[in-house]
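Note that the structure is a prediction, hence the values are computed from the model and not measured.
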Amino acid sequence: MNDKLNVFIEKIKKAKSIAVAGHKNPDGDSLASVLALARLIELNFNKKAICVYDGNIPDFLDNVPHRKEMTYFQRVDLNKKFDLAILLDYGAENNIGGFKHILERSDFVVEVDHHKNEKTVADLCLNDEKASSVGEIIYRFINKLKWKTDSDVLDLLTVSILTDTGNFKYARSGKVLRIMATLVDMGVNIENISNSLNNKPKKTVMTEAAVTAKTEFFYHDRLALAVVDENDYKNLDGRGDIILNLLGQIKGVEYIVLLKRQQENKTGVSLRSKLKPIEHIAAALGGGGHPCAAGAVVYDKLENVREKVLELFKGEK
């Protein structure tokens, strides 16, 4: 890893143009990591990287530091050749979205990820499957490289870690808790950050409540399955984590599935489990993720995806 970090630093030093992006429809880790790394490059190398996104950014992330610096990929000159492109938290190639056009025209590509992915897309990979989030990996970069930070970077790393661990619900080791303790000692106010993330339009909250109320239950109520139709999907903020969390509170429910009709033949699938791994189910749908929190995008009608999901869970004990 030391050798790889040295290459990374040299590429940043030599680059005259840098683009940074996360996965399509960025979540808290993706967005905050992009903004944190871009800010670190500015602080430590005096270079301004462009922060690119594709899809929709959830409203609850409107208040994170430097949010206005995110640029929709179609507003970037896609004929421009970047010296360095950095891809964060992408998970799988089909999650890259419009940033793929920039990657293809960049001289050198670096990826930083914490998802399991055997098909990498970069010239240099700084990945760690054991990390809770990309924010955690960037935190380790800071310590290893002795990079300068500021309060905005620390707040962004906190957003990254809090959102991707589900406020530590998905933490699989004490390491991430110790990182957060250090961030607090450095001045981060978790209460203020958590309050700033409570920021949704009324229509979103009402949609989340309505979808949750119409949930179906299968296999002796061990599986909860909620559906978002195409009209409600427009009102949904992000990936529907509130729906997933609410259903996860029900006694006896072990698995939670949220199906989202994004288009007529395009269905988003979010999967959660209280204890048992479900990433193999996401993989069977062409997606991936973490052992107890995974997902996929399936190019088929929602009704067909629903039947396939139910069949896949049929053998789960």
Side-chain angles (χ1 to χ4, degrees), residues 1 5 20 22-23 26-44 51 57-58 60-67 70 86 88-91 112-116 126-200 237-239 241-242 244-245 248-249 272-275 289-294:
M1 181 59 79
L5 282 176
V20 189
H23 59 70
D27 57 8
D29 184 26
S30 178
L31 179 76
S33 295
V34 166
L35 293 171
L37 184 57
R39 179 62 178 155
L40 286 165
I41 290 172
E42 183 177 7
L43 288 171
N44 293 275
C51 299
I57 298 176
F60 77 90
L61 295 172
D62 281 351
N63 296 325
V64 302
H66 301 282
R67 162 65 180 87
M70 296 298 295
I86 308 172
L88 309 179
D89 194 42
Y90 75 104
V112 185
D113 202 359
H114 68 127
H115 298 94
K116 184 177 181 179
L126 299 169
N127 301 339
D128 182 359
E129 294 175 23
K130 296 182 179 179
S132 67
S133 57
V134 171
E136 178 184 326
I137 299 174
I138 293 175
Y139 171 87
R140 293 207 300 271
F141 289 174
I142 293 170
N143 283 350
K144 189 77 175 177
L145 301 170
K146 307 301 180 185
W147 277 352
K148 292 182 292 187
T149 66
D150 63 10
S151 59
D152 287 345
V153 169
L154 300 182
D155 283 353
L156 286 165
L157 295 182
T158 301
V159 170
S160 164
I161 292 171
L162 284 178
T163 55
D164 233 36
T165 62
N167 292 317
F168 303 111
K169 180 180 178 181
Y170 305 119
R172 294 293 177 258
S173 76
K175 179 171 56 178
V176 67
L177 297 168
R178 287 187 285 274
I179 290 172
M180 185 56 66
T182 302
L183 290 172
V184 171
D185 289 341
M186 293 173 72
V188 166
N189 188 317
I190 293 181
E191 182 179 7
N192 286 350
I193 291 175
S194 296
N195 288 338
S196 74
L197 296 176
N198 287 327
N199 178 48
K200 294 183 181 181
D237 190 17
R239 300 187 173 192
D241 284 340
I242 292 297
L244 294 163
N245 291 338
Q249 295 178 36
R272 298 291 184 271
S273 169
K274 289 184 178 178
L275 293 173
H290 307 292
C292 294

Spacing of M70 atom CE and L35 atom CG [to the nearest 0.5 Å]: 5.5 Å
N/O donor-acceptor pairs under 3.5 Å from side chains in residues 181-196, not counting sequence neighbours:
from: T182; atom 1: OG1; to: R178; atom 2: O; distance (Å): 3.1
from: N189; atom 1: OD1; to: E191; atom 2: N; distance (Å): 3.1
from: N189; atom 1: OD1; to: N192; atom 2: N; distance (Å): 3.0
from: S194; atom 1: OG; to: I190; atom 2: O; distance (Å): 3.0
from: N195; atom 1: ND2; to: E191; atom 2: O; distance (Å): 3.3
from: S196; atom 1: OG; to: I193; atom 2: O; distance (Å): 2.6

Check: M180 and L177 side chains under 4.5 Å, non-hydrogen atoms: no
OG1-CZ distance between T163 and F60, expressed to the nearest 0.5 angstrom: 6.5 Å
Salt bridge (charged side-chain N to carboxylate O under 4.0 Å, His left out) contacts in which one or both residues fall within residues 30-40, not counting sequence neighbours: R39-E42, R39-D150
Partner residues of S132 under the side-chain hydrogen bond (donor to acceptor under 3.5 Å, both in side chains) criterion, sequence neighbours left out: E136
Minimum side-chain heavy-atom gap I86-I41 below 4.5 Å: yes
Set of side-chain hydrogen bond (donor to acceptor under 3.5 Å, both in side chains) partners for K144, sequence neighbours left out: N2
Qualifying residue for side chain to side chain contact (heavy atoms under 4.5 Å, CB included) with L31, from C51, P58, P26: P26
Pairwise distance CG(D113) to CD(E129) - rounded to 0.5 angstrom: 9.0 Å
Heavy-atom check, side chain of D89 versus side chain of D27, under 4.5 Å: yes
Euclidean distance, W147 CH2 relative to I138 CD1, rounded to 0.5 Å: 8.0 Å
Listed pairs under 3.5 Å, donor-acceptor, residues 153-160 side chains, sequence neighbours left out:
from: T158; atom 1: OG1; to: L154; atom 2: O; distance (Å): 2.9
from: S160; atom 1: OG; to: D29; atom 2: OD1; distance (Å): 2.4
from: S160; atom 1: OG; to: G135; atom 2: N; distance (Å): 3.1

From OG (S133) to CG (L88), nearest 0.5 Å: 11.5 Å
Contacts of type ring-ring contact (aromatic ring centres under 6.0 Å, His included), residue H114, not counting sequence neighbours: H290
Shortest non-hydrogen contact between Y90 and H23, atoms and distance: CA-CB, 3.9 Å
Under the ring-ring contact (aromatic ring centres under 6.0 Å, His included) test, residues paired with H66 that sit two or more places apart: none
Which atom of G22 lies closest to which atom of V34, heavy atoms considered: N-CG2, 3.4 Å
Side chain to side chain, L126 and F141, heavy atoms closer than 4.5 Å: yes
CG on L61 to CG on L197, rounded to 0.5 Å: 6.5 Å
Under 3.5 Å, sequence neighbours excluded: what are the donor-acceptor pairs made by side chains of residues 166-176?
from: R172; atom 1: NH1; to: Y170; atom 2: O; distance (Å): 3.4
from: S173; atom 1: OG; to: K175; atom 2: N; distance (Å): 3.3

